[in-house]
Amino acid sequence: MTQDLLITDIRPMGGTPAALLIQGGRIAGLGPEVTAPPGVPVEAGGGALLIPGLVEAHTHLDKSLLGMGWRPHQAGPALIDKIDTERRLKREWGIDPARQSARQVVQSLRHGTTHIRSHVDIDTELGLEGLEGVLATRDAYREAMDIETVAFPQSGLLARPGTLALLEAGMRMGADVVGGLDPCAIDRDPKGHLDAVFGLAERFGKPVDIHLHEPGLLGAFSLELIFERTLALGMQGQVVVSHAFCLGDADTAMVDGLLDQIAALDIGIMTTGSASRPVPPVARLRARGIRVCSGSDGIRDTWGPYGNADMLERAMLLGLRNNFRRDDEVEMALSVCTEGGAAVMRLPHYGLRVGDFGDVVLVEAETLAEAVVAHPPRRLVVKRGRVVARGGVALVQAP
């Protein structure tokens with residue numbers, strides 16, 4: 001449901017004072033002389049910054065522990081330890097995908113996120129339960145949040161026979177993106193894994209988003225195979241590689257060669273700015289015109305106790321990890337969490353131009369850089385002209 005709304009006394013992207021008019025869910029005017037027809041509701045901006053809605057381009061809605069009380073971390077340090085522990089605890093702890101995804105959506109909403117891409121686990125033990133739950137949440141909160149789902153083989157694709165058929169069923173059920181995971185390290189069959197992932201994408205006419213934790217030369221090898229399939233299937237602009245830790249390798253000649261191919265094939269890169277692994281160098285990627293987005297990844301789940309779904313805080317973490325200090329650098333981190341996410345997800349009509357959807361956030365800060373560094377509570381969050389959060393409190397309920 002869209003609404004009309006006029007927001008006065010705001011500073012778009014930290015600029016000069018203006019007013020914003022939203023009609024029929026879209027921006028109809030933005031500037032100092034903008035007014036509204038009689039009867040349109042008015043919100044006073046109080047001189048706050050106006051930014052487009054934040055974009056959570058990589059998370060796992062189906063497995064957050066929000067609202068379930070504190071659970072001590074149990075998983076070992078290796079990736080497979082986390083995968084196996086999570087699969088066990090989902091049953092033992094009763095992690096209901098519909099309930100938990102709704103809780104995380106409301107948490108994201110109050111922090112100003114208006115779009116989410118969620119990877120959703122599909123495996124032979126839990127089947128399509130996760131996807132069913134997240135799709136139910138997408139329907140329940142569709143007026144407050146846009147949610148895109150990735151059919152994700154977290155436990156492995158070929159290593160667990162039957163998963164590929166379930167992934168195909170997930171695509172038929174309504175998943176938006178085909179997911180993949182560490183073709184060498186998890187499935188130990190990079191050709192078979194990527195043939196299956198890209199085969200599904202070709203069959204359903206959907207994009208691809210692949211988790212790639214593999215470091216160094218191993219990750220570079222998997223990337224080269226991804227490049228081959230992207231080119232062969234004409235999928236330029238339709239592939240995202242998430243994490244891509246190999247792009248943080250110290251071998252700059254190897255990394256530069258990979259970045260050149262990523263730019264040529266218009267492959268998007270997602271980075272959380274991980275503190276524990278080498279990470280893609282955001283400024284170098286952006287300088288090549290590579291689409292870069294970010295996300296919270298897991299939020300208070302069996303993989304780790306951290307995360308609060310605040311994408312302004314995520315921008316700060318990106319800035320810290322990339323040693324961004326100047327205002328323009330910090331603003332680049334914010335851009336990754338707004339326009340960058342929109343570019344990677346190919347969101348239509350995103351931004352602050354006339355005709356764009358009225359998805360905006362008001363932040364009490366002097367500058368964009370301060371908004372990132374301080375990430376104060378959001379004064380107002382608006383979705384298609386409808387106020388959905390105020391003063392850091394969501395106006396929709398979580399179960």
Side-chain angles (χ1 to χ4, degrees), residues 10-15 18 20 22 26-27 30 48-59 108 111-117 145-148 177 207 209 237-242 244 259 262-263 266-273 280-296 309-319 321-322 324 326-363 365 367-373 375 378 381-384:
I10 51 175
R11 292 177 297 119
M13 303 302 289
L20 172 73
I22 300 172
R26 293 182 183 247
I27 296 174
L30 178 62
L49 287 175
L50 176 78
I51 62 173
L54 293 157
V55 180
E56 169 71 83
H58 185 106
T59 192
S108 293
H111 287 310
T113 289
T114 57
H115 297 79
I116 294 174
R117 172 178 281 190
M145 184 76 74
D146 284 322
I147 300 173
E148 186 178 82
V177 183
D209 191 331
Q238 300 178 61
V239 175
V240 177
V241 178
S242 291
L259 294 183
I262 289 168
D266 190 16
I267 290 174
I269 298 295
M270 191 294 303
T271 176
T272 66
V282 168
R284 286 168 61 192
L285 270 66
R286 297 267 297 206
R288 281 175 164 81
I290 295 170
R291 293 174 295 126
V292 185
C293 66
S294 189
S296 303
D310 185 348
M311 289 303 294
L312 273 185
E313 182 179 274
R314 180 58 50 183
M316 181 195 74
L317 295 173
L318 279 179
R321 190 66 178 84
N322 286 271
F324 290 165
R326 299 191 316 268
D327 279 20
D328 64 306
E329 293 175 324
V330 178
E331 290 172 13
M332 184 191 304
L334 174 60
S335 177
V336 169
C337 298
T338 51
E339 291 96 343
V344 166
M345 292 175 63
R346 301 299 193 192
L347 299 178
H349 310 297
Y350 173 92
L352 297 178
R353 301 168 297 273
V354 171
D356 289 339
F357 288 124
D359 300 338
V360 298
V361 183
L362 268 61
V363 186
T367 66
L368 294 174
E370 186 190 16
V372 170
V373 172
H375 44 275
R378 311 305 105 94
V381 182
V382 177
K383 182 69 175 175
R384 304 291 199 273

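Model, not experiment: these values are computed from the prediction.
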May I ask you to decide if [Y]'s main-chain N or O and [X]'s side chain share a donor-acceptor pair within less than 3.5 Å?
X: Arg346; Y: Gly237; answer: yes
X: Lys383; Y: Thr114; answer: yes
X: Tyr350; Y: Ala343; answer: no
X: Glu313; Y: His375; answer: no

Does some side-chain heavy atom of [Y] sit less than 4.5 Å from a side-chain heavy atom of [X]?
X: Pro52; Y: Met13; result: yes
X: Asp209; Y: Met270; result: no
X: Val361; Y: Leu50; result: no
X: Pro12; Y: Leu30; result: yes
X: Cys293; Y: Val55; result: no
X: Ile269; Y: Val344; result: no
X: Asp356; Y: Arg26; result: no
X: Leu368; Y: Val330; result: no

Hey, could you give me the [atom1]/[atom2] distance between [X] and [Y], rounded to the nearest 0.5 Å?
X: Leu334; Y: Met311; atom1: CG; atom2: CE; result: 9.5 Å
X: Thr367; Y: Asp327; atom1: OG1; atom2: CG; result: 5.5 Å
X: Leu49; Y: Ile51; atom1: CG; atom2: CD1; result: 7.5 Å
X: Asn322; Y: Leu317; atom1: CG; atom2: CG; result: 11.0 Å
X: Leu318; Y: Thr272; atom1: CG; atom2: OG1; result: 7.5 Å
X: Arg314; Y: Ser296; atom1: CZ; atom2: OG; result: 5.0 Å

### Task
Run the numbers on His111 and Leu54 for side chain to side chain contact (heavy atoms under 4.5 Å, CB included), then give the verdict.
CA-CA 8 Å; His111 287 310; Leu54 293 157; 5.8 Å; no

### Task
Run the numbers on Asp146 and Arg384 for side chain to side chain contact (heavy atoms under 4.5 Å, CB included), then give the verdict.
CA-CA 11 Å; Asp146 284 322; Arg384 304 291 199 273; 3.1 Å; yes

### Message
Go through it in stages, so that I can follow the logic: the residues are His115 and Asp359, the test is side chain to side chain contact (heavy atoms under 4.5 Å, CB included), and I'd like the CA-CA distance, side-chain angles, deciding distance and then a yes or no.
### Response
CA-CA 9 Å; His115 297 79; Asp359 300 338; 3.3 Å; yes

Taking all atoms of both residues into account, what is the closest heavy-atom pair of [X] and [Y], and its distance?
X: Arg378; Y: Val381; value: CB-CG2, 4.0 Å
X: Met332; Y: Phe324; value: SD-CZ, 3.9 Å
X: Gly319; Y: Ala333; value: N-CB, 4.1 Å

### Message
Would you say Arg286 and Ser335 are linked by a side-chain donor-acceptor pair, where the criterion is simply a distance under 3.5 Å?
### Response
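Yes, Arg286 and Ser335 have a side-chain donor paired with an acceptor closer than 3.5 Å.
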
### From CA spacing to verdict: side chain to side chain contact (heavy atoms under 4.5 Å, CB included), Ile147, Glu56
CA-CA 10 Å; Ile147 300 173; Glu56 169 71 83; over 6 Å; no

